[in-house]
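Each remark here refers to the structure printed beneath this line.
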Amino acid sequence: MNICVFCSAADLDERYVLPARRFAELMGEGGHALVWGGSDTGLMKVMADGVQRAGGKLIGVSVEFLAHKARAGADEMVVTKDLAERKAQMLARAGAIVIMVGGMGTLDEATEILELRKHGLHTKPVVLLNTAGFYDGLQEQFRRMESEGFLPMPLVDLVFFAADGADALAYLAERAGDGA
């Protein structure tokens, strides 16, 4: 499966790096391809290193103003003109989406992917990887949106909150069995 992973390009604490490294290894060992922002920095590098070392394929989608940070040696590297095109290309190349810890860019990617799913513009499974409780507050906000009528579909049909990479991959494997 081609799995789009949105995550930080920043260098982060080991509480985020170690679970990311393990998730990347599981992806590669499972024969999955990583579709990611193409950067060779931060968690993006951790993911690409782990997937590649474990035998998985790398499909990078960079953007012109960040092309100087693009990873050499990816199986495929696309450079887009802007962030909107980058997100569209990443979604188009993936069968599933995993959103890992990250900053404003990752949050932007997450909300756009979920908004597109909410409107039926894609049916790919979406996982929020809640490493170290990073997305606890967002999960609480989503539950409030659901309970107060802001979501046109049940939260469980919109996004799955995974405790770790193994949990995320198990969910995606189950969804793939459903034709997702």
Side-chain angles (χ1 to χ4, degrees), residues 1-63 66-80 86-103 105-107 109-110 113-114 117 122-135 159-180:
M1 177 180 340
N2 287 358
I3 301 173
C4 174
V5 174
F6 292 113
C7 65
S8 179
D11 293 321
L12 300 172
D13 187 87
E14 287 296 303
R15 68 183 165 167
Y16 301 120
V17 171
L18 294 177
R21 187 172 293 130
R22 182 64 189 134
F23 178 48
E25 290 166 357
L26 290 171
M27 280 183 61
E29 289 166 2
H32 303 293
L34 171 67
V35 178
W36 93 115
S39 290
D40 205 25
T41 60
L43 275 193
M44 286 193 195
K45 177 178 177 29
V46 170
M47 289 300 298
D49 287 349
V51 168
Q52 195 168 49
R53 260 195 313 270
K57 183 177 172 185
L58 300 180
I59 303 167
V61 183
S62 189
V63 64
L66 293 175
H68 65 285
K69 294 183 179 188
R71 184 183 182 94
D75 295 288
E76 181 182 348
M77 184 63 68
V78 176
V79 179
T80 63
R86 181 192 204 187
K87 287 182 283 191
Q89 285 292 321
M90 290 173 75
L91 180 61
R93 294 170 190 286
I97 298 99
V98 175
I99 301 154
M100 296 177 62
V101 299
T106 305
L107 188 57
E109 292 156 345
I113 290 299
L114 291 171
R117 183 160 167 78
H122 80 83
T123 58
K124 299 169 186 183
V126 179
V127 174
L128 269 160
L129 189 48
N130 195 18
T131 304
F134 188 80
Y135 286 117
V159 62
F160 176 74
F161 282 82
D164 57 32
D167 194 24
L169 288 174
Y171 173 79
L172 294 178
E174 178 183 304
R175 294 293 302 213
D178 293 340

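All values derive from a computational prediction rather than experimental measurement.
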Taking all heavy atoms of [X] and all of [Y], pick out the closest pair and write down the distance.
| X | Y | answer |
| --- | --- | --- |
| Val35 | Arg93 | CG2-O, 3.8 Å |
| Met90 | Gly37 | CE-N, 3.5 Å |
| Gly165 | Phe23 | CA-CD1, 3.4 Å |
| Tyr135 | Gly102 | OH-N, 3.9 Å |
| Asn2 | Ile59 | ND2-CD1, 3.7 Å |
| Gly73 | Gln52 | O-NE2, 3.1 Å |

First locate atom [atom1] of [X], then atom [atom2] of [Y], and finally report the distance between them rounded to the nearest 0.5 Å.
| X | Y | atom1 | atom2 | answer |
| --- | --- | --- | --- | --- |
| Thr106 | Phe6 | OG1 | CZ | 8.5 Å |
| Cys7 | Glu109 | SG | CD | 8.5 Å |
| Ser62 | His68 | OG | NE2 | 9.0 Å |
| Asp13 | Asp11 | CG | CG | 11.5 Å |
| Cys4 | Ile113 | SG | CD1 | 6.0 Å |
| Asp40 | Leu66 | CG | CG | 12.5 Å |

Please step through side chain to side chain contact (heavy atoms under 4.5 Å, CB included) for the pair Phe160 and Leu172, ending with a clear verdict.
CA-CA 10 Å; Phe160 176 74; Leu172 294 178; over 6 Å; no
Would a 4.5 Å heavy-atom cut-off, applied to side chains only, mark Val17 and Leu43 as touching?
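Yes, close enough: below the 4.5 Å cut-off.
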Test item: [X] side-chain N/O and [Y] main-chain N/O as donor-acceptor pair under 3.5 Å:
| X | Y | value |
| --- | --- | --- |
| Arg21 | Val46 | no |
| Arg71 | Ser39 | no |
| Thr41 | Ala9 | yes |

Go through Val98 and Met27 one step at a time and tell me if the side chain to side chain contact (heavy atoms under 4.5 Å, CB included) criterion holds.
CA-CA 11 Å; Val98 175; Met27 280 183 61; over 6 Å; no
Please work out which of the three classes, parallel, tilted or perpendicular, describes the rings of Tyr16 and Phe134, given edges at 30° and 60°.
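It falls in the perpendicular class, over 60°.
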Show, in sequence, the C-alpha distance, side-chain angles and deciding distance for Lys69 and Met44, and conclude whether the side chain to side chain contact (heavy atoms under 4.5 Å, CB included) test is met.
CA-CA 11 Å; Lys69 294 183 179 188; Met44 286 193 195; over 6 Å; no
Of Val126, Val159, Ile97, which meets side chain to side chain contact (heavy atoms under 4.5 Å, CB included) against Arg117?
Val126
Under the criterion side chain to side chain contact (heavy atoms under 4.5 Å, CB included), which of Ile3, Val5, Leu34, Leu26 is the partner of Val51?
Leu34
Full working for side chain to side chain contact (heavy atoms under 4.5 Å, CB included) between Lys124 and Leu91
CA-CA 9 Å; Lys124 299 169 186 183; Leu91 180 61; 3.8 Å; yes
